[in-house]
Amino acid sequence: MTDTEFLTRMLFEFSYWHDMQDDAFKPRAYQLAAESIGALGHEVKEAWRKGGIKELKELPAIGQAIAEKIDEYFRTGRIRSYDALKKKFPVDIYGLAHVQGLGPKHIRDLYEQLGVKNLKDLEKVLRKQQVRDLPGFGEKSEEKLARGILLMKRSTGRHLLGHILPLAEDIVTRLSRIPGVKQCVYAGSLRRRQETVGDIDLLATSSDPERVMKAFVHLPEVETVHEHGKTRSSVRLSMGIDADLRVVPDKVFGATLQYFTGDKRHNILLRERAIRQGLLLNEYGLFKGKKLLTCASEEAIYKRLGLDTPPPELRVGHDELSAAERHTLPDLLPYGSVKGDLQTQTNWSDGTSTIRDMAVAAKTYGLDYIAITDHTQSLAFINGLDEKRVAKQGKEIDTLNKQRGQSLARILKSAEVDIKPDGSLDLDDETLASLDCVGIAIHSHFSMTEKEATKRIIRAMSNPHVDCLFHPTGRLIGKREPYPLDMKAILAGAKKYRVALEINAFPDRTDLRDLHVRMAVDAGVPLFINTDAHDPEHFTLLSLGEAIARRGWATKRDIINTKSLNQLRAWLEKKRPRPNWTA
DNA sequence: GCCGTTTTCGGCCCGACTGTTTTCAGTCG
């Protein structure tokens with residue numbers, strides 16, 4: 001268990017504990033703190049290293065009491081008050097809370113009356129049918145808990161945005177065809193384009209909600225129906241993700257869309273703002289007393305509250321509302337702005353297709369140019385290119401560019417040059433100088449300290465031929481942790497050596513991530529958005545990269561490959577001449 | 001326990017669905 005996981009779990013268990021005691025407000029405070037720590041990841045420890053309790057208190061939702069707990073944990077490896085809680089209430093609260101339908105009050109009752117401490121105990125008392133006789137429980141709650149355990153065991157946790165988005169779009173299309181449906185969209189974390197999504201939030205308007213609900217719970221991929229109400233239903237789909245559908249009258253669509261786009265922290269801040277103005281905000285509109293002020297559109301609601309409308313990607317409950325109030329929200333990069341993909345692989349190394357096929361696919365997708373960035377010789381197991389093969393590939397690219405006509409994107413000579421453990425590169429400088437554009441990346445020796453990894457990358461960036469650092473943190477969501485990096489030092493190095501950082505759009509990478517994009521934007525470090533395409537199909541992933549850029553408050557100016565080919569060349573040549581430019 | 005256009009005290013988002021209840025508590029999003 002990582003530090004972050006422990007702290008999140010500890011805060012979550014305190015939240016539930018206080019809920020069991022019927023405390024009205026501490027549960028929420030601990031809940032928000034847990035979410036905040038979970039979202040910040042290793043930045044929590046960075047903050048603590050930098051300035052202890054004082055710096056921890058600067059983090060959102062962290063005050064004196066929780067900062068002291070975190071400080072105690074980093075200093076001693078323990079938290080005395082948490083140990084005391086576990087002694088007084090020796091229950092795996094966190095594990096039990098993941099069962100659908102099991103909340104703090106029932107966890108308390110199950111422990112106090114039947115001694116249930118963990119999932120195994122719960123399964124046992126359910127089998128013995130002991131739960132149904134407890135006050136507040138019955139036969140149905142027994143069934144519901146048993147079903148909850150089953151669903152939890154079969155759930156695969158959070159899902160990658162890139163895997164769920166196509167499914168959600170398909171479901172929206174099918175629901176839209178139901179007679180009586182006027183509008184149907186996905187909302188929630190999908191609409192915010194979070195890198196992972198926990199469930200699919202759907203919203204529809206219809207004059208006949210019950211008909212829509214019936215069709216929804218009977219979709220072919222529905223495996224279990226959690227709830228089937230008149231205006232809200234919830235199901236588990238066969239791929240292990242839940243989908244919720246809410247149906248409302250067409251005239252309140254704007255208010256409901258706002259409400260279900262969230263996230264939770266954003267909505268709470270917005271509703272608290274409404275209260276300060278003597279108003280009430282819910283999914284049916286903005287009200288003064290019983291009088292409806294507006295519900296027609298998201299924009300109307302934000303405007304009535306004195307705010308510009310933050311794009312969905314920014315609604316995370318940090319500082320977007322204060323920017324909305326001061327009219328300083330960024331002019332986000334529009335979808336479809338990227339003109340060329342500067343990281344693509346072919347069958348010269350580990351891609352599936354020829355250079356020509358990739359250039360055709362890119363053109364079909366609407367791109368003007370692509371860089372061919374096959375792996376280099378250190379990656380021998382996938383036939384990485386040495387200097388000779390780079391030169392040979394360059395000749396093929398020259399030929400294709402000469403005969404390309406209208407059906408191929410312009411092809412740039414490039415490579416995904418491997419960064420060796422000492423920070424040197426595995427192509428010689430002469431070869432690097434012959435390329436139109438040079439990307440570098442780490443592919444091995446991932447177990448480094450923060451200091452070593454940071455030094456290694458900065459040394460690699462200091463090579464005067466380098467233009468872009470690919471997938472800078474090396475993470476693979478759900479498979480590999482990012483190597484530890486001093487991101488501020490990396491950004492300073494990128495700025496000093498005029499190296500762009502990549503936003504890699506591949507679904508399990510999405511690297512840089514949103515927080516780091518925002519740091520780069522603030523630091524004035526230029527960015528590329530690339531798909532890392534290994535197949536012609538992969539160009540469709542570009543919009544995922546654009547989504548990350550938007551979540552990081554990036555504008556068109558921040559993204560180099562929104563430039564035309566000529567502008568790109570001019571940008572590259574500010575660093576060094578490109579004598580062999582193919583285009 | 002956190003936080004500040006209410007700033008070191010006094011507030012703290014809101015509603016649908018379910019099941020166990022006879023009017024509501026618990027859970028969820």
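Each chain gets a letter, A, B and so on, in the order its sequence line appears, and its residues count up from 1.
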Taking [X] first and then [Y], would you say they form a salt bridge - that is, a charged N and a carboxylate O separated by under 4.0 Å?
{"X": "R246(A)", "Y": "E283(A)", "answer": "yes"}
{"X": "K105(A)", "Y": "D22(A)", "answer": "yes"}
{"X": "R475(A)", "Y": "E195(A)", "answer": "yes"}

Take atom [atom1] in [N] and the same atom in [M], then report the distance between them in whole Å.
{"N": "dT7(B)", "M": "dC2(B)", "atom1": "C1'", "answer": "13 Å"}
{"N": "dT23(B)", "M": "dG19(B)", "atom1": "C1'", "answer": "13 Å"}
{"N": "dT6(B)", "M": "dG11(B)", "atom1": "C1'", "answer": "8 Å"}
{"N": "dG26(B)", "M": "dT21(B)", "atom1": "C1'", "answer": "12 Å"}

Would you indicate what [X] reaches in the nucleic acid, counting non-hydrogen atoms under 4.0 angstrom: base, sugar-phosphate, or nothing?
{"X": "R276(A)", "result": "base"}
{"X": "L270(A)", "result": "nothing"}
{"X": "Y284(A)", "result": "sugar-phosphate"}
{"X": "I62(A)", "result": "sugar-phosphate"}
{"X": "T231(A)", "result": "sugar-phosphate"}

Indicate, with yes or no, if the rings of H471(A) and F506(A) have centres closer together than 6.0 Å.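 They do not qualify: ring centres at least 6.0 Å apart.
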Kindly determine whether R551(A) and Q194(A) satisfy side chain to side chain contact (heavy atoms under 4.5 Å, CB included), including the steps that lead there. CA-CA 8 Å; R551(A) 287 180 58 83; Q194(A) 261 180 224; 3.6 Å; yes
At under 4.0 Å between heavy atoms, how does the protein contact nucleotides 19-29 of chain B? Give one character per nucleotide, 5' to 3', with B, S or -. SSS----SSSB
Report yes or no: is the cationic atom of K251(A) (NZ for Lys, CZ for Arg) under 6.0 Å from the centre of the six-membered ring of Y284(A), at an angle within 45° of the ring normal?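 No, a cation-pi geometry is absent between K251(A) and Y284(A).
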